[in-house]
Protein chains: 2
Amino acid sequence: MSNLSSTFAALGDATRFAIVEKLLQEGELPAGELQNVGQISAPAISRHLKVLRKAGVVEQRIDAQRRLYSVRPEAVQAIGAWSMSYREFWQKSLDRLEAALLQESTKK
Amino acid sequence: MSNLSSTFAALGDATRFAIVEKLLQEGELPAGELQNVGQISAPAISRHLKVLRKAGVVEQRIDAQRRLYSVRPEAVQAIGAWSMSYREFWQKSLDRLEAALLQESTKK
DNA sequence: CTATTATTTAACTATTATGTTAAATAATGT
DNA sequence: ACATTATTTAACATAATAGTTAAATAATAG
């Protein structure tokens, strides 16, 4: 499985996506602070974090008895790089679409 | 489930990711042409295409008895937009990392 | 050493996903 | 109508995923 596809798989679960969004917005957080992303038990969160870590989406730092998690910038960047590598394709298509809509609104 | 998370889920399967990459590189293709993305049966490909379609990643066009598939530019663009919305975060972090590596190589 | 706090692992269950083969549907050509 | 080509749906088996509670581990404080 390509590295990117594993990244997508990790983000393809709603709970994990919510965890990542929260970490992106609030920065490094302990596992316990991530429980409120849904009504879900601590063990469930812990396992989602393990999946995210294995996929290279988050990393862990230890501080006393807490485990602090944060998003690995490389992961988010890699996703953007993939999309951008096809930019010519989607930019062109979307420009065409926009032109067609403009044409439509100006018609008659 | 957020729309983006469904998109990620669709791309999070290695076979589907390969299908999408092939469509991005070669443009619109009939279902039959997508079988060689792995040693997999036609029904399996058909169902992957259904998942991709439901997630809004690909669209279908009918031409006689063939079903032609292509990638929806909006899907790829949306992924890029998500990554870019956190650009400040990852750009900063990666700049710091680069600076640290430069520091390292110049040291002593 | 014992208690407390934070988190993970184990064991188990239920649901979902993926693949297969066989049959059905769609569209065209004879 | 029948055969051919292209693709999907049905039915089924198996594997993977995600959730739960209970127990274990980690680290600190008393």
Side-chain angles (χ1 to χ4, degrees), chain A residues 1-23 26-72, chain B residues 1-23 26-72:
Chain A
M1 187 136 150
S2 99
N3 189 44
L4 198 53
S5 189
S6 319
T7 303
F8 286 144
L11 294 170
D13 173 88
T15 304
R16 285 194 295 268
F17 186 70
I19 289 172
V20 170
E21 287 261 276
K22 182 158 187 171
L23 289 175
E26 308 191 13
E28 192 183 50
L29 288 174
E33 287 287 309
L34 293 165
Q35 271 181 252
N36 51 19
V37 300
Q39 348 119 144
I40 194 169
S41 65
I45 290 290
S46 178
R47 280 178 51 193
H48 279 308
L49 287 167
K50 197 175 183 178
V51 171
L52 286 167
R53 201 140 73 100
K54 194 174 172 192
V57 176
V58 306
E59 61 193 351
Q60 189 196 59
R61 191 169 68 87
I62 296 176
D63 167 50
Q65 62 267 72
R66 296 187 313 167
R67 305 294 126 121
L68 300 172
Y69 288 90
S70 55
V71 176
R72 290 190 59 240
Chain B
M1 186 136 149
S2 99
N3 189 44
L4 199 51
S5 189
S6 319
T7 303
F8 286 144
L11 294 170
D13 173 88
T15 303
R16 286 194 294 269
F17 186 70
I19 288 173
V20 170
E21 286 261 277
K22 183 158 186 172
L23 289 174
E26 308 190 13
E28 192 182 49
L29 287 174
E33 288 288 308
L34 292 165
Q35 270 181 252
N36 51 19
V37 301
Q39 348 121 139
I40 193 167
S41 65
I45 290 289
S46 178
R47 281 178 49 194
H48 280 306
L49 286 167
K50 196 175 183 177
V51 172
L52 286 168
R53 202 140 74 100
K54 194 173 173 192
V57 177
V58 306
E59 60 193 350
Q60 190 196 58
R61 190 169 70 85
I62 295 177
D63 167 50
Q65 63 267 72
R66 297 186 312 168
R67 306 294 125 120
L68 301 172
Y69 289 91
S70 55
V71 175
R72 289 189 61 239

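Numbers restart at 1 for each chain; the letters A, B, ... are given by sequence-line order, proteins then strands.
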**Asked** For A/E59, what residues pass the side-chain hydrogen bond (donor to acceptor under 3.5 Å, both in side chains) criterion, not counting sequence neighbours?
**Response** none
Do any side-chain atoms of residues 37-56 of chain B form donor-acceptor pairs under 3.5 angstrom with protein atoms, and if so which ones, sequence neighbours left out?
from	atom 1	to	atom 2	distance (Å)
B/S41	OG	B/A44	N	3.4
B/H48	ND1	B/R16	NH1	3.0

**Asked** Does anything in residues 58-71 of chain B reach DNA chain D, meaning a heavy atom under 4.0 Å, and if so which residues?
**Response** B/Q60, B/Q65, B/R66, B/R67, B/Y69
**Request:** Could you check which residues of residues 33-41 of chain B get a heavy atom under 4.0 Å from DNA chain C? Sort them by number, please.
**Result:** B/I40, B/S41
**Request:** Would you work out how much the helix from C/dC1-D/dG30 to C/dT30-D/dA1 bends between its ends, with each end axis defined by five base pairs, to 10 degrees?
**Result:** 10°
**Message:** Any non-hydrogen side-chain atom of B/R67 less than 4.5 Å from a side-chain atom of B/I62?
**Reply:** yes
**Request:** Check the angle between the aromatic planes of A/F17 and B/F8 and answer parallel, tilted or perpendicular using the 30° and 60° thresholds.
**Result:** tilted
**Message:** Please list all pairs meeting salt bridge (charged side-chain N to carboxylate O under 4.0 Å, His left out) that have one or both residues in residues 31-44 of chain B, counting only residues at least two apart or in different chains.
**Reply:** none
**Asked** Considering residues at least two apart in sequence or located in another chain, which fulfil the salt bridge (charged side-chain N to carboxylate O under 4.0 Å, His left out) criterion with A/E28?
**Response** A/R61
**Message:** Quick check: closest heavy atoms across A/T15 and A/D13, and the distance to 0.1 Å?
**Reply:** N-OD2, 3.0 Å
**Message:** If the condition is salt bridge (charged side-chain N to carboxylate O under 4.0 Å, His left out), which residues does B/R66 pass it with, not counting sequence neighbours?
**Reply:** B/D63
**Message:** At a heavy-atom distance below 4.0 Å, which nucleotide of DNA chain D is the first touched by chain A, and which is the last?
**Reply:** D/dA18 to D/dT28
**Message:** As an exercise, state the distance from CG of A/L29 to CD1 of A/I19, rounded to the nearest 0.5 Å.
**Reply:** 11.0 Å
**Asked** Which part of the nucleic acid, if any, lies within reach of B/A42 when heavy atoms closer than 4.0 Å are counted: base, sugar-phosphate only, or nothing?
**Response** base
**Message:** So if I take residues 43-55 of chain B and measure heavy-atom distances to DNA chain D, which residues fall below 4.0 Å?
**Reply:** B/P43, B/S46, B/R47, B/K50
**Complete:** Across all chains, not counting sequence neighbours, the side-chain hydrogen bond (donor to acceptor under 3.5 Å, both in side chains) partners of B/Q65 are none
**Message:** Is there a side-chain contact between B/L23 and B/L34 in this structure, where contact means two heavy atoms from C-beta onward sitting under 4.5 Å apart?
**Reply:** yes
